[in-house]
Amino acid sequence: MKKMIDLQATLACGQVFHWTDRVDGSWEGVVDDRLAVVREGGGRLVVVEGDAEFLGDYFALDDDLDEIYGGFPGDPTMLAALDFCRGLRIIRQPTWECLATFITSSMKQVAHIRQMSFALRARFGLAVRGTEWRTYPTAGSLAAASEDELRACGLGYRAKNLRATAQRVASGEVDLEAWRDLDDTALREALCTLPGVGRKVANCAMLFGYGRLGAFPVDTWIARIMRKNYWRGRAKPTPLALERRLAKRFGPHAGYAQQYLFHHARMAQRRAAA
DNA sequence: CGCCAGGGTCTCG
DNA sequence: CGAGACCATGGC
């Protein structure tokens, strides 16, 4: 049971945006410049194409889910989310890709973030040999693009921010890899100096791109859930207040709990709308 | 058509 | 510190 995974939940929960499910039930994507095809077998990861060890790390198979679940709060909302998402893993994304996609995510639905991600790959990525895929564009290639070219990928006002951050990274002024040595607070502070990166995007980059499982992104969905189920008081709390008071209560794997609540809430609404 | 979407930034009190 | 305006674009 230790390495169980729910691929559907893991790849469709809004933490990563380019994976595609195929008719045979497997999932296809690229990590860096490598093609990967995976499927589920007996609740475990089966690598159809790609390096098993590399993908085992990408899918964080060494995260001990039972231990993580043991730290979740035991209220009905959390238990329902756990029941729905069991096997969802927080994957370890390439840092730049993760940061860049979440810069483009502000005030966008998950489906459109995916669309922008594919448009950027198509326009600025490199071909992945023998496939239809393209890599996620490097900071250098986005830094060299014009704002209009980025807007043509559907970015809207986010184009300027993505370009500006890409320029800081490409110039070497910012070293995202060196930032791995920073503690959580210093890393969050450093990320927030980048154009288009505020508290929420920084927490997403920390959680999905730096393996900081205590990071607790508060978006509109999480804020709604928190206010409804975890906040006793008349005044409407700000996202920052919610994060500060609840991230600690949710423990060292708060980010895991957050993603389970997020995915469960979104899927519940989709079912209700259908 | 109006509303909302995995928000950030700037301004003003 | 908190509240509001503004920013583009697409789905429903």
Side-chain angles (χ1 to χ4, degrees), chain A residues 9-19 81 85 88 90-91 93 97-120 123 146-166 168 188-210 212 215-228 231 233-247 250 254-274:
Chain A
T10 298
L11 294 174
C13 71
Q15 62 174 325
V16 63
F17 300 94
H18 69 281
W19 285 82
C85 301
L88 189 166
I90 302 292
I91 65 176
Q93 300 182 41
E97 174 182 338
C98 179
L99 174 63
T101 56
F102 277 98
I103 286 175
T104 68
S105 76
S106 81
M107 292 300 292
K108 279 295 181 189
Q109 294 185 149
V110 170
H112 195 224
I113 301 168
R114 175 182 173 89
Q115 198 175 310
M116 290 184 288
S117 159
F118 275 109
L120 288 170
R123 176 64 184 82
S146 71
E147 192 180 323
D148 283 343
E149 285 177 308
L150 294 178
R151 280 176 183 264
C153 294
L155 295 191
Y157 63 85
R158 303 156 194 81
K160 181 177 296 194
N161 287 332
L162 180 61
R163 183 165 182 267
T165 289
R168 287 207 196 171
R188 184 178 295 108
E189 203 171 312
L191 286 165
C192 284
T193 65
L194 298 172
V197 182
R199 186 111 188 162
K200 189 271 175 182
V201 170
N203 278 321
C204 285
M206 290 171 66
L207 179 57
F208 305 128
Y210 280 98
R212 306 299 173 100
F216 194 84
V218 178
D219 70 327
T220 54
W221 286 89
I222 289 296
R224 204 176 304 147
I225 297 166
M226 293 288 131
R227 286 197 292 256
K228 185 174 175 188
W231 197 268
R234 38 251 148 249
K236 181 175 154 182
T238 64
L240 178 59
L242 289 168
E243 184 196 330
R244 281 197 295 226
R245 291 206 10 208
L246 292 171
F250 275 70
Y256 254 96
Q258 176 274 155
Q259 194 60 21
Y260 279 49
L261 291 169
F262 174 82
H263 183 52
H264 181 227
R266 280 190 66 240
M267 293 304 104
Q269 196 194 69
R270 176 183 292 190
R271 286 196 304 276

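Model, not experiment: these values are computed from the prediction. First the proteins, then the strands, lettered A, B, ... as listed; each starts at 1. When reading the values below, keep in mind they use all heavy atoms of this one structure, side chains included, and skip hydrogens, waters and symmetry mates.
B:dC3 and C:dA8 have their C1' atoms separated by 15 Å, given to the nearest Å. A distance of about 24 Å separates the P atoms of B:dG6 and C:dC6, rounded to the whole Å.
Under the rule for a ring pair (Phe, Tyr, Trp, His ring centres under 6.0 Å), the partners of A:His18 that lie at least two apart in sequence or sit in another chain are A:Trp133.
Of all heavy-atom pairs spanning A:Val197 and A:Ala202, the tightest one is CG1-N, 3.7 Å. Listed here is the closest heavy atom pair of A:Leu191 and A:Ala205: CD1-CB, 4.2 Å.
Ring geometry for A:Phe102 against A:Phe17 counts as perpendicular: the plane angle is over 60°, on a 0 to 90° scale with 30° as the lower cut.
Using a 4.0 Å heavy-atom distance criterion, A:Val197 is classed as a sugar-phosphate-only contact. Across all strands, A:Arg114 comes closer than 4.0 Å to no nucleic acid atom at all (heavy-atom distances). Counting any heavy atom pair closer than 4.0 Å across all strands shown, A:Leu194 reaches sugar-phosphate atoms only and no base atom. Across all strands shown, A:Leu240 has no heavy atoms under 4.0 Å from either base or sugar-phosphate atoms. Here A:Gly14 lies in heavy-atom contact (under 4.0 Å) with a base.
Boundaries of the chain A contact region on DNA chain B are B:dA5 to B:dT9, first to last in 5' to 3' order (nucleotide atom under 4.0 Å from a heavy atom). When DNA chain C is scanned 5' to 3' for any atom under 4.0 Å from a heavy atom of chain A, the first and last hits are C:dA3 to C:dG11.
Comparing A:Arg158 and A:Thr238 by the nucleotide of DNA chain C that holds the closest heavy atom to each, the one mapping nearer the 5' end is A:Thr238. Each of A:Phe262 and A:Thr193 has a nearest nucleotide on DNA chain B; the 5'-most of these lies closest to A:Phe262.
Here the side chain of A:Thr101 pairs a donor or acceptor atom with the backbone of A:Glu97 at under 3.5 angstrom. Side-chain atoms of A:Tyr256 come within 3.5 Å of backbone N or O of A:Ile90 as a donor-acceptor pair. In this structure, A:Arg151 contributes its side chain and A:Ala159 its backbone to no donor-acceptor pair below 3.5 Å.
No donor-acceptor contact under 3.5 angstrom links the side chains of A:Asn203 and A:Gln258, judged on distance only.
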Could you give me the CA-CA distance, side-chain angles and deciding distance for A:Gln15 and A:Thr10, then say whether side chain to side chain contact (heavy atoms under 4.5 Å, CB included) is met? CA-CA 8 Å; A:Gln15 62 174 325; A:Thr10 298; 3.7 Å; yes
